[in-house]
Structures are given as C-alpha cells and as structure tokens.
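The block underneath contains the structure these notes are about, expressed in structure tokens.
The basis for the numbers below is simple: all heavy atoms, side chains too, and nothing from hydrogens, waters or symmetry mates.
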Amino acid sequence: MLSDQLLGRERTMPLPSGTEIDLCERFVTFFNDKIANVRLELDNQPVSTPSYDKFTGTSFDKFNLVSLDEILKLLKNSSTKTCALDPIPTSLMFQCLETLAPFIADVINQSLATGTVPDCYKHAIVKPMLKIPGLDENALKNFRPISNLKFLSKILEKLVLKQLLEHLNKSNLNEVFQSAYKAFHSAETALLKVTSDVLESIDQKEIFVMTLLDLSAAFDTIDRNILLTRLNQTFGL
C-alpha cells in the first residue's frame, strides 16, 4: 500500500499458508534441495578440463587500506535502510557518524588487511519473495530467496568491489559485451545491442538466429574451485 511506503513500513509479502516455523523449514529445505539437485545434474554431465586465458599484467594480491575520509564519504552517500540484524537503526547511526566512523574504519581496514570477513558480517535475513506478482503463492517454486545483509556488511562489499573494479579496468579485463555489473551498462544496453545486430542483418538481407539461454540458479551453482582458479589465472587475483 502507498500509505505503508510513505510511513516507511514494509509491506506484508504473500506467503504460503502455514505457521512461521513450518514455513521456514519448508523454504530452507526447498531452496537447499533445488541447488543440490541442479548441482547433481551438472556433476553427472561429461565435461572437459577447463582451460583459462593466462593473466600477464600486475597481479592484485592485497587490498589497499581506506582512509577515514573515504569511508565517511561512502557512509554519507549510502542508503539509510536498516537490516533487522543491525545492532542499531541506520538512521540513528547516521546521527553519530562522526564519532562512530573511526571505529568503523578500524574494523573495515582490519578485514581488508587480513583478507577475511567477520563472521557476523556474513549473516543475513533471507526473505522469500514471489518471482512475479500474481503467481500461486502456495507453490514454493514461485519464490526466490532475497538476502538482506547488515548495513556495514554492504559498506565493506562496496569498498572491496571498488578496488576490484579498478583492477579490472586498469588491466583491461572487462568483457566487451557484458551488460551487467558494469558502469553505464544494463539490460537496456544489452537489448539495444541485440536490436542493432538484428536490424543490421535485415538491412544486409542476411538470415539471423537468436539463441536465449536461461540458467537455473546460476550464481548458486557456481563451482567454487573453478571460480577461484579462474580468478587467479585469468584475472590475476
């Protein structure tokens, strides 16, 4: 409801019938089984040993510590949304920002210096949300899990991402036709590229074929060892 948005209250999401404890157990089981089943199918497929392009530039082997001014600037430009796991509301923290910022900087720089993430920063509130409004809310397959991290977890993520993107840009490692997770790129730029290619083929009286591939649980089924190996060998991380 619009009134809920104006008052800052979260709208009640549609959920299957059942008690809270029952729903939690059902959703956890469903989401875990979904990933396990997809991984099982992938593991049973014959695959060749992956090969990787070799990185030849300057490796990125440690994070740079960030200044208090940089952290203050990022904090002030961040959304004040609060996670239920935050020890205090984000809006209250912003009122004491000048006092708390040095302590926040110490925690973040310790994390960057040691290359570790505090366990408490890994905890998230996971909410099941309907993929498309109007779908049957009693079918668990119509839901996707949305993780809400603590405010400071997101700040740490942004600082790490900034340094990683700087490395990718400096080493010219960005995929040319990737239209996500890149500045000034989105689904819109991907559609413009495809439309342009189609129209160009029509103008040249060529035949074109479009293949669309949707990977189920793509991010959740990434093989960690393959990912780490490729980050090291191809991206110099």
Side-chain angles (χ1 to χ4, degrees), residues 13-16 23-24 26-55 60 83 117 121-137 139-150 153-154 156-165 167-169 171-195 197-198 208-237:
M13 293 292 105
L15 292 170
L23 285 179
C24 285
R26 287 167 57 193
F27 271 118
V28 167
T29 301
F30 174 78
F31 289 137
N32 284 338
D33 288 349
K34 176 183 176 181
I35 303 305
N37 291 334
V38 174
R39 283 306 304 264
L40 183 62
E41 291 181 14
L42 293 174
D43 291 340
N44 289 332
Q45 297 296 321
V47 294
S48 57
T49 303
S51 59
Y52 310 97
D53 295 330
K54 297 298 182 181
F55 179 77
F60 184 84
C83 171
V117 178
Y121 278 29
K122 301 177 185 179
H123 298 164
I125 298 292
V126 181
K127 295 183 179 181
M129 294 187 65
L130 277 176
K131 297 177 181 178
I132 301 175
L135 291 177
D136 182 6
E137 60 191 53
L140 299 186
K141 66 179 182 179
N142 292 332
F143 288 83
R144 56 191 175 101
I146 303 297
S147 295
N148 186 11
L149 287 168
K150 294 180 179 180
S153 301
K154 298 175 184 176
L156 178 59
E157 279 190 350
K158 291 178 179 179
L159 291 168
V160 167
L161 176 61
K162 180 175 181 292
Q163 295 191 30
L164 291 178
L165 290 178
H167 169 69
L168 294 180
N169 292 330
S171 303
N172 196 28
L173 291 169
N174 282 314
E175 294 289 342
V176 177
F177 297 114
Q178 177 181 321
S179 280
Y181 312 109
K182 283 170 58 178
F184 313 114
H185 289 73
S186 64
E188 184 177 3
T189 56
L191 291 172
L192 289 173
K193 169 65 174 145
V194 172
T195 303
D197 288 348
V198 170
F208 63 87
V209 176
M210 181 185 298
T211 301
L212 302 177
L213 179 64
D214 183 16
L215 300 177
S216 178
F219 284 99
D220 295 322
T221 52
I222 290 175
D223 185 283
R224 177 171 293 187
N225 291 327
I226 292 177
L227 173 63
L228 292 176
T229 301
R230 187 170 183 226
L231 287 175
N232 175 252
Q233 296 189 14
T234 303
F235 296 93
L237 299 177

Would you check if the side chain of [X] reaches a backbone N or O of [Y] as a donor-acceptor pair within less than 3.5 Å?
X	Y	result
T189	S186	yes
S147	V126	no
Q178	A180	yes
N142	L130	no

Distance in Å, [X] [atom1] paired with [Y] [atom2], rounded so as to fall on 0.5 Å steps:
X	Y	atom1	atom2	value
T221	N37	OG1	CG	12.0 Å
C83	H123	SG	NE2	11.5 Å
L173	L164	CG	CG	11.5 Å
R224	T229	CZ	OG1	12.5 Å
I35	D220	CD1	CG	4.0 Å
L192	E188	CG	CD	5.5 Å

Which heavy atom in L149 sits nearest to a heavy atom in E157, and how many Å separate them?
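Reported closest heavy-atom pair: CD1-OE2, 3.3 Å.
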
Show the nearest heavy-atom pair for residues I226 and Y52, with the distance to one decimal.
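I226 and Y52 have their closest heavy atoms at CG2-OH, 3.6 Å.
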
Test L165 against K182 for side chain to side chain contact (heavy atoms under 4.5 Å, CB included), laying out the working first.
CA-CA 9 Å; L165 290 178; K182 283 170 58 178; over 6 Å; no

Which residues pass the side chain to side chain contact (heavy atoms under 4.5 Å, CB included) test with [X], sequence neighbours left out?
X	result
K54	Q233
R144	K131, I146
L227	I222, L231

Can you find a heavy atom in the side chain of E137 that is under 4.5 Å from one in the side chain of L15?
no

Do the side chains of P16 and R26 get nearer than 4.5 Å, heavy atoms only?
yes

Got a sec, which residues hit ring pair (Phe, Tyr, Trp, His ring centres under 6.0 Å) with F27, two or more places apart in sequence or on another chain?
F31, F143

Residues that H167 engages under ring pair (Phe, Tyr, Trp, His ring centres under 6.0 Å), provided they are two or more places apart:
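Per chain and number, H167 pairs via ring pair (Phe, Tyr, Trp, His ring centres under 6.0 Å) with F55, F60.
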
Intermediate values then yes/no, side chain to side chain contact (heavy atoms under 4.5 Å, CB included), K154 and N148:
CA-CA 9 Å; K154 298 175 184 176; N148 186 11; 3.3 Å; yes

Sequence neighbours left out, what pairs pass ring-ring contact (aromatic ring centres under 6.0 Å, His included) with at least one residue falling in residues 212-237?
none

A quick test of your reading: do over 12 heavy atoms of other residues, nucleotides or ligands sit less than 6.0 Å from CG of N44?
yes

Counting only heavy atoms from other residues, nucleotides and ligands, does the tally under 6.0 Å from OH of Y181 exceed 12?
no

Between D223 and R39, does any side-chain N to carboxylate O distance fall below 4.0 Å?
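Counted as a salt bridge, because a side-chain N and a carboxylate O are separated by less than 4.0 Å.
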
